[in-house]
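All heavy atoms count here, side chains included; hydrogens, waters and symmetry mates do not. Remember, it's 1-based here, ligands and their atoms both numbered in the order they're listed. Keep in mind that this is a model prediction, so the values were computed, not measured.
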Amino acid sequence: PFEIELADGRVLTVPADRSALSVLAEAGLDILSSCEEGTCGTCEVEIVKGEVDHRDTVLTPEEKEENCSMMVCVSRAACARLKLDL
Ligand code: FES
C-alpha cells in the first residue's frame, strides 16, 4: 500500500489490490480514463513530490526518469507517499 496526498491536504491510502485511479475516483476526483491498462495516456496526472513505480507503456524511459507525471490506472508509488497535482 501507499498514500496519495492531494492539493487540499487530504491523504488517501491505495491498497495493494486496488489502482490509484479507483481510489481517487472513490474520493470524488473525476479523472478521465480509457484503457485502464497503461497504454492510452488519458489518465496522466502530474506529480508534485515522490518517486513513482511507472508501469505504463505510454511514457518513454526518459519521461519515466524525469518523474513529472504518471498514469494513475496502473502506476504505483515507489515511496510511502506521493503528492499529486490534484
Ligand atoms: Fe489509459 Fe491510464 S487509462 S493509460
Side-chain angles (χ1 to χ4, degrees):
F2 62 94
E3 293 177 335
I4 293 178
E5 184 178 341
L6 306 177
D8 65 8
R10 275 192 291 164
V11 176
L12 310 174
T13 299
V14 183
D17 62 349
R18 293 188 61 196
S19 68
L21 179 66
S22 76
V23 171
L24 290 165
E26 190 179 81
L29 286 120
D30 209 2
I31 298 168
L32 290 179
S33 64
S34 177
C35 71
E36 300 195 8
E37 292 180 344
T39 57
C40 74
T42 308
C43 68
E44 185 168 11
V45 170
E46 285 189 34
I47 302 162
V48 177
K49 201 173 158 198
E51 291 295 315
V52 173
D53 174 11
H54 293 283
R55 299 187 182 184
D56 64 274
T57 55
V58 176
L59 298 173
T60 64
E62 291 76 18
E63 287 169 332
K64 289 177 179 172
E65 189 73 27
E66 284 168 12
N67 208 54
C68 293
S69 68
M70 69 183 287
M71 304 307 149
V72 291
C73 65
V74 290
S75 294
R76 310 189 66 85
C79 59
R81 183 185 288 190
L82 282 180
K83 192 170 180 182
L84 300 180
D85 187 21
L86 288 172

**Q** With atoms numbered from 1 as shown, which atoms in ligand 1 lie under 4.0 angstrom from a non-hydrogen atom of E36?
**A**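 So the answer, numbered in order with elements, is 1 (Fe), 3 (S).
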**Q** Counting only heavy atoms not in E63, do more than 12 fall under 6.0 Å of its CD?
**A** yes
**Q** With V72, which of V23, V14, L29, I31 fulfils side chain to side chain contact (heavy atoms under 4.5 Å, CB included)?
**A**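 Exactly one candidate clears the test, I31.
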**Q** Under a 4.0 Å heavy-atom limit, does D56 contact ligand 1 with its side chain, its backbone, both, or neither?
**A**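 Answer for D56: neither.
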**Q** Which residue holds the protein heavy atom closest to atom 4 (S) of ligand 1, what is that atom called, and what is the gap in Å?
**A**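 Going atom by atom, the protein heavy atom closest to atom 4 (S) of ligand 1 ends up being G41 N, 3.3 Å.
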**Q** Which ligand 1 atoms, with their elements, are less than 4.0 angstrom from a heavy-atom of T39?
**A** 4 (S)
**Q** Using a 4.0 Å cut-off to any heavy atom of S34, which atoms of ligand 1 qualify?
**A**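 Result: 3 (S).
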**Q** Hey, are the side chains of K64 and D56 touching, using non-hydrogen atoms and a 4.5 Å cut-off?
**A** yes
**Q** Does C43 reach the side chain of C73, with side-chain heavy atoms less than 4.5 Å apart?
**A**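 Counting from C-beta outward, C43 and C73 do come under 4.5 Å.
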**Q** Which ligand 1 atoms are under 4.0 Å away from a heavy-atom of G38?
**A** 4 (S)
**Q** Please could you name the atoms of ligand 1 that C73 approaches to less than 4.0 Å, counting only its heavy atoms?
**A** 2 (Fe), 3 (S), 4 (S)
**Q** For ligand 1, which atoms sit closer than 4.0 Å to a heavy atom of C43?
**A** 2 (Fe), 3 (S), 4 (S)
**Q** Have a look at atom 1 (Fe) of ligand 1 and estimate, to 10 degrees, the angle subtended by SG (C40) and SG (C35).
**A** 100°
**Q** So does A7 get a backbone contact from the side chain of D85, meaning a donor-acceptor N/O pair under 3.5 Å?
**A** no
**Q** Out of T57, V58, V52, which residue meets the side chain to side chain contact (heavy atoms under 4.5 Å, CB included) rule with H54?
**A**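 When T57, V58, V52 are each tested with H54, the side chain to side chain contact (heavy atoms under 4.5 Å, CB included) holds only for V52.
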**Q** Determine whether a donor-acceptor pair (N or O, by modelled atom type, separation under 3.5 Å) exists between the side chain of R10 and the backbone of A27.
**A**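 The answer is yes, because a donor-acceptor pair under 3.5 Å joins these two groups.
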